[in-house]
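For reference, the structure discussed in these notes is given below.
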Amino acid sequence: MTRRFPEGFLWGAATASYQIEGAVAEDGRSESVWDRFCRIPGRVLNGDTGDVACDHYHRWRDDIRIMEDLGLSAYRFSVAWPRVVPQGRGPVNQAGLDFYDRLVDGLLEAGIEPFLTLFHWDLPQCLEDEGGWRVRGTAHAFADYAAAVESRLGDRVRHWLTLNEPWVVAHLGHRTGQHAPGLVGSGAELDVVHHQLLGHGLASQALRAGHSGHEVGIALNLEPRIPRSDHPLDRDAAALEEGLMNRWFLDPLFSGRYPDDLLAIAGWPASAVTEGDLEIIGRPPDSIGLNYYRTEVVGHPGLRDCDRPPPLQDPAAEVTEMGWPVTPEGLGAMLRMLEGYGARAVYVTENGAAYPDTIRGGDRVEDEDRRSYLERHLVEAAKAIDDGVPLRGYFAWTLLDNFEWGFGYSRRFGLVHVDHATQRRTPKASAYWYRDVIARNAV
Ligand code: IFM
């Protein structure tokens, strides 16, 4: 069955600065937390770094040409804070902004709408040295940085996303240590979330004070959590995890309060919140970016399998190379949840999968599993639109095979294959399929 998307629906691909740009020491860029993290032995697979990545800093014109060939109508990228404000706060480095200025002009000339994310994890290391997102000062520095970017690009960029996936920075960066800054069990996760959300609120104010007509949003990774069985302990465990992942962000953003039931369980002191913070955070965003990859099954850790009723779902039924379950219906569930919060405009700002692609020689890269993954998720997106979700666009993650954080270059999410030794770009079969979807505005 063919499902058509509404007229004007935006079709895009997303990327992030540290994952593709390279050129980490050019034109005044300072060290980011990821530059530092990559140099700690054992933290990133194979000792990979973002030093060169996809060399997009130098090859951006070619990359725009690829986007044009695919027929993209939108492109989501992030700005590297250490390029623009190398000392984290204070003087603005116009040479760093020049790069994004040229990129934005190039996109607009190609008829591609820029979606700009201000923070996709590459915090200036000098701010981390002062406490990073564990301290309030970083939220204020972020707002100043946002204002600097807006004052240079706000005449041409209309779509702004403040933060990308603040849950990841808090949880993987400050609890499990799998991401920069690599802190294990710091106990600071909820402070880190709060300061990022405060940064979002302050930066939103700064953006709205600039040129008129901006759509200001935030990109969240939201995921359903399914209980492993019908046992009440499994149900409670899943509800708690889902709450901490989804409601902990959406409640303050849409209604200016953290969820009372979760506050009690999390044991987070209300004193971490200064008067007025929640009003700043709780002015509802103009748009919400949903980064969706998977639904997880959660069981209560104290419950033995033999004490549980039969599983509700087989968690290992189909997984990507990341080991993530393929669960398209979860995308529909999260889109409907956002509608329930009263979101005015929603974008799927990331959705995609890593698979070991087959190179058939010449210019053929076969990735039927990725094509099928994308197709099944797009069907769910279309159904959600039919149900009234104000979904305005979809961004595949990602344009180019790139630096996949702790996995280095070993995981390929791209629509376009990148030979990391030569930087040769080759669109995969899924890219040609996506081009057809875009051309037909239907899946
Ligand atoms: O590569 C990341 C991206 O930076 C943020 N969202 C998830 C992607 C896949 O892991």
Side-chain angles (χ1 to χ4, degrees), residues 12-22 32-35 37-38 43-45 48-50 53-54 56 75-81 115-123 161-173 176 178-182 193 196 217-224 245-246 249 288-296 319-328 330-331 334 347-357 367 369-370 373-374 377 394-418 420 430:
T15 62
S17 47
Y18 192 73
Q19 294 181 271
I20 64 164
E21 284 179 2
S32 77
V33 289
W34 270 93
D35 297 299
F37 186 71
C38 288
R43 293 305 185 98
V44 176
L45 209 61
D48 289 342
T49 73
C54 302
H56 172 75
Y75 172 57
R76 174 180 175 230
F77 63 97
S78 78
V79 171
W81 188 345
F115 275 60
L116 188 156
T117 306
L118 285 161
F119 178 68
H120 197 125
W121 308 347
D122 39 4
L123 186 73
L161 294 154
T162 54
L163 306 172
N164 184 71
E165 301 181 8
W167 180 91
V168 170
V169 173
H171 190 82
L172 302 190
T176 68
Q178 291 157 289
H179 274 207
V193 171
Q196 287 182 91
I218 181 169
L220 300 174
N221 55 316
L222 304 172
E223 292 174 10
M245 178 117 210
N246 303 332
F249 294 85
I288 279 279
L290 168 61
N291 294 358
Y292 179 78
Y293 291 90
R294 63 186 165 175
T295 298
E296 289 283 346
V319 293
T320 69
E321 201 187 5
M322 298 294 280
W324 297 347
V326 179
T327 47
L331 174 63
M334 294 297 95
Y347 299 90
V348 174
T349 36
E350 290 184 23
N351 176 235
Y355 288 107
D357 306 324
D367 62 340
D369 26 23
R370 179 173 297 100
Y373 177 101
L374 295 172
H377 284 77
Y394 173 93
F395 294 77
W397 183 267
T398 178
L399 183 68
L400 306 168
D401 288 338
N402 61 38
F403 176 79
E404 176 53 26
W405 309 111
F407 293 90
Y409 296 97
S410 71
R411 297 292 187 279
R412 294 176 176 273
F413 278 83
L415 292 167
V416 176
H417 179 273
V418 176
H420 294 298
S430 61

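Order of listing sets the numbers, starting from 1, for every ligand and every atom in it. Quick caveat: nothing in here was measured; it's all calculated off a predicted structure. Hydrogens, waters and symmetry mates play no part in the numbers below; they use all other heavy atoms, side chains included.
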*Ignoring angles and geometry beyond distance, decide whether Q19 reaches within less than 3.5 Å of ligand 1 through its nitrogen or oxygen atoms.*
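Yes: some nitrogen or oxygen of Q19 is under 3.5 Å from one in ligand 1.
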*Would you call the rings of F403 and W405 parallel, tilted or perpendicular, where under 30° means parallel and over 60° means perpendicular?*
perpendicular
*salt_bridge(R412, E321) N-O dist < 4.0 Å*: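 Salt bridge absent between R412 and E321.
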Please could you name the atoms of ligand 1 that [X] approaches to less than 4.0 Å, counting only its heavy atoms?
| X | result |
| --- | --- |
| E165 | 5 (C), 6 (N), 7 (C) |
| E404 | 1 (O), 2 (C), 9 (C), 10 (O) |
| H120 | 3 (C), 4 (O), 5 (C) |

*Does ligand 1 have any atom sitting under 4.0 Å from a heavy atom of R411?*
no
*asked:* So for W324, does at least one of its heavy atoms come nearer than 4.0 angstrom to any atom of ligand 1?
replied: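 Contact check W324 vs ligand 1: positive.
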*Tell me: protein heavy atom nearest atom 6 (N) of ligand 1, and distance?*
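Heavy-atom neighbour on the protein nearest atom 6 (N) of ligand 1: E350 OE1, 2.5 Å.
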*For atom 8 (C) of ligand 1, which protein heavy atom lies nearest, and how many Å away is it?*
Y293 OH, 3.4 Å
*Check for a donor-acceptor pair, side chain of Y355 on one end and backbone N or O of R411 on the other, with a separation under 3.5 Å.*
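Side chain of Y355 to backbone of R411: no pair is present.
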*At under 4.0 Å between heavy atoms, which part of F403 makes contact with ligand 1: side chain, backbone, both or neither?*
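It is neither; nothing of F403 touches ligand 1.
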*So, S17 versus D122: side-chain donor-acceptor pair below 3.5 Å or not?*
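Distance-only check passes for S17 and D122.
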